[in-house]
Number of protein chains: 2
Amino acid sequence: MQNFIHPDMKDVTLDAVLYALADPARRAIVRALAADRACEGTGLSCNAAAPPDLPKATMSQHYAKLRAAGVVRATRKGVSVIHTLRCDEINAKFPGLLPAILGAVDV
Amino acid sequence: MQNFIHPDMKDVTLDAVLYALADPARRAIVRALAADRACEGTGLSCNAAAPPDLPKATMSQHYAKLRAAGVVRATRKGVSVIHTLRCDEINAKFPGLLPAILGAVDV
DNA sequence: TTCGTTAATTCAATAAATCCGAACAATTGA
DNA sequence: TCAATTGTTCGGATTTATTGAATTAACGAA
């Protein structure tokens, strides 16, 4: 599985970010990571941030898409993979986007 | 084809809106409608707002998704279908979302 | 070192969504 | 009524998503 590849911010497109955030499961993950950052800020394992009933293969694909889109960053820590939101970077490139999406009352 | 159905704003979900805006062709349409509103404000025909090289079957599907998501409103005017952005409504329900997306330099 | 456990990824098969040419429908003007 | 214009709908090929099963990775204990 090797170490994770994260796109440089100059290669992160609005298209990919919106696509990544257009899925409710992925948005739930991003919300959890955002909440974690606001509190602990230590990052969360895949399982910790994903919706509880999500099959793990599906979960893993969602994380792969979030990483590829440049939305999250992953590092291995023991048997877990810890994810953090690339919050400041996204905010710098797409000002207001994350707040607008995370702030919305998701229906 | 009948008259177009537009969802009531209470039934418009963030999920659907983000999904609609996650596609570059649809975002191009929305940008064109936003620009029109800023200038003429009269609405644009499908062809006028869509990317020029888009096959019309595809274009039509994109508009259908934008309508279903609650992002645009359509009315028939002669042989044309005129679309307008449901700008204020979306802004009221998802504050900051449209500005963040339309304001971004699309890559 | 070798198991066993936990955590996540990859594979492969199926299911669902998208794209677009061709046919169709709606409207207008001649 | 006919032709032209503008979109929509249909159908099939292509692409993408989902998920169970197999696999990889890291760790701790014996």
Side-chain angles (χ1 to χ4, degrees), chain A residues 1-7 13 15-30 32-33 36 42-69 71-85, chain B residues 1-7 13 15-30 32-33 36 42-69 71-85:
Chain A
M1 129 184 47
Q2 305 303 15
N3 273 1
F4 303 101
I5 318 161
H6 301 100
T13 64
D15 203 43
V17 171
L18 286 180
Y19 157 79
L21 295 175
D23 182 275
R26 289 195 288 268
R27 217 156 49 238
I29 290 171
V30 169
L33 296 179
D36 171 73
T42 47
L44 294 172
S45 73
C46 290
N47 251 311
D53 53 343
L54 204 62
K56 61 183 182 151
T58 308
M59 174 197 79
S60 187
Q61 305 276 23
H62 282 317
Y63 276 105
K65 281 164 191 168
L66 286 168
R67 288 192 297 265
V71 175
V72 304
R73 193 182 295 280
T75 57
R76 184 170 275 281
K77 191 165 276 178
V79 302
S80 298
V81 174
I82 300 298
H83 281 95
T84 55
L85 239 194
Chain B
M1 130 185 43
Q2 304 303 12
N3 275 0
F4 303 102
I5 319 161
H6 301 101
T13 64
D15 204 43
V17 172
L18 286 180
Y19 157 79
L21 296 175
D23 182 276
R26 289 195 289 269
R27 219 158 46 238
I29 291 171
V30 169
L33 296 179
D36 171 73
T42 48
L44 294 173
S45 74
C46 290
N47 252 313
D53 53 341
L54 204 62
K56 59 182 184 159
T58 308
M59 173 197 79
S60 186
Q61 304 274 25
H62 282 317
Y63 276 105
K65 279 163 192 167
L66 286 167
R67 289 193 297 265
V71 175
V72 304
R73 194 181 296 280
T75 57
R76 184 171 275 281
K77 191 165 278 179
V79 304
S80 298
V81 175
I82 300 298
H83 281 94
T84 55
L85 239 194

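A note on names: the letters A, B, ... follow the listed sequences, proteins ahead of strands, and every chain is numbered from 1. Here the structure is a predicted model, which means the values were calculated and not measured.
Between A/Y19 and C/dA17 there is no side-chain N or O to OP1 or OP2 distance below 4.0 Å. Between A/S60 and the phosphate of C/dA8, there is no side-chain N or O to OP1/OP2 separation shorter than 4.0 Å. In terms of phosphate contacts, A/S45 brings a side-chain nitrogen or oxygen within less than 4.0 Å of OP1 or OP2 of C/dA8.
Interatomic distance, CG of B/L21 versus OH of A/Y19, reported as 16.0 Å (0.5 Å rounding).
Side chains of A/H62 and A/L54 form a contact here, defined as non-hydrogen atoms less than 4.5 Å apart. Looking only at side-chain heavy atoms (C-beta outward), A/D23 and A/K65 stay at 4.5 Å or farther from each other. A/M59 has its side chain within reach of A/N47: a pair of non-hydrogen atoms, C-beta onward, lies under 4.5 Å apart.
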Derivation of the side chain to side chain contact (heavy atoms under 4.5 Å, CB included) call for B/L18 and A/L18: CA-CA 7 Å; B/L18 286 180; A/L18 286 180; 4.2 Å; yes
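Comparing A/A64 and A/V79 against DNA chain C, the residue whose closest nucleotide sits nearer the 5' end is A/V79.
Computed from coordinates, the B/R76 CZ to C/dT27 P distance equals 5 Å when rounded to whole Å. Taking atom CG of A/N47 as the reference point, atom P of C/dA7 lies 7 Å away to the nearest angstrom. In this structure, B/L66 atom CG and D/dT8 atom P are separated by 11 Å, rounded to whole Å. Rounded to an integer number of Å, the gap from CG of B/L44 to C1' of D/dG7 is 15 Å. Rounded to an integer number of Å, the gap from CD1 of A/I82 to P of D/dA26 is 14 Å. In this structure, A/N3 atom CG and D/dT24 atom C1' are separated by 14 Å, rounded to whole Å. The nearest whole Å value for the distance from the NE2 atom in A/H83 to the P atom in C/dA8 is 9 Å.
Ring geometry, B/Y63 versus B/H83: the interplanar angle falls under 30°, so the pair is classed parallel (tilted spans 30 to 60°).
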Every protein N/O lying under 3.5 Å from an N/O of nucleotides 18-22 of chain D:
residue	atom	partner	partner atom	Å
D/dT19	OP2	A/T58	OG1	3.2
D/dT19	O4	A/Q61	NE2	3.1

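No option in B/D36, B/V30, B/L44 other than B/V30 meets the side chain to side chain contact (heavy atoms under 4.5 Å, CB included) test with B/L85.
By the salt bridge (Lys or Arg N to Asp or Glu O under 4.0 Å) test, A/R73 is found to be paired with A/E89, residues two or more places apart in sequence or in another chain being considered.
Of the possible polar contacts, none joining the A/R67 side chain to the A/H6 backbone as a donor-acceptor pair under 3.5 Å is found.
In the helix from C/dT1-D/dA30 to C/dA30-D/dT1, the rotation axis of the first five pairs and that of the last five pairs differ in direction by 10°, rounded to 10 degrees.
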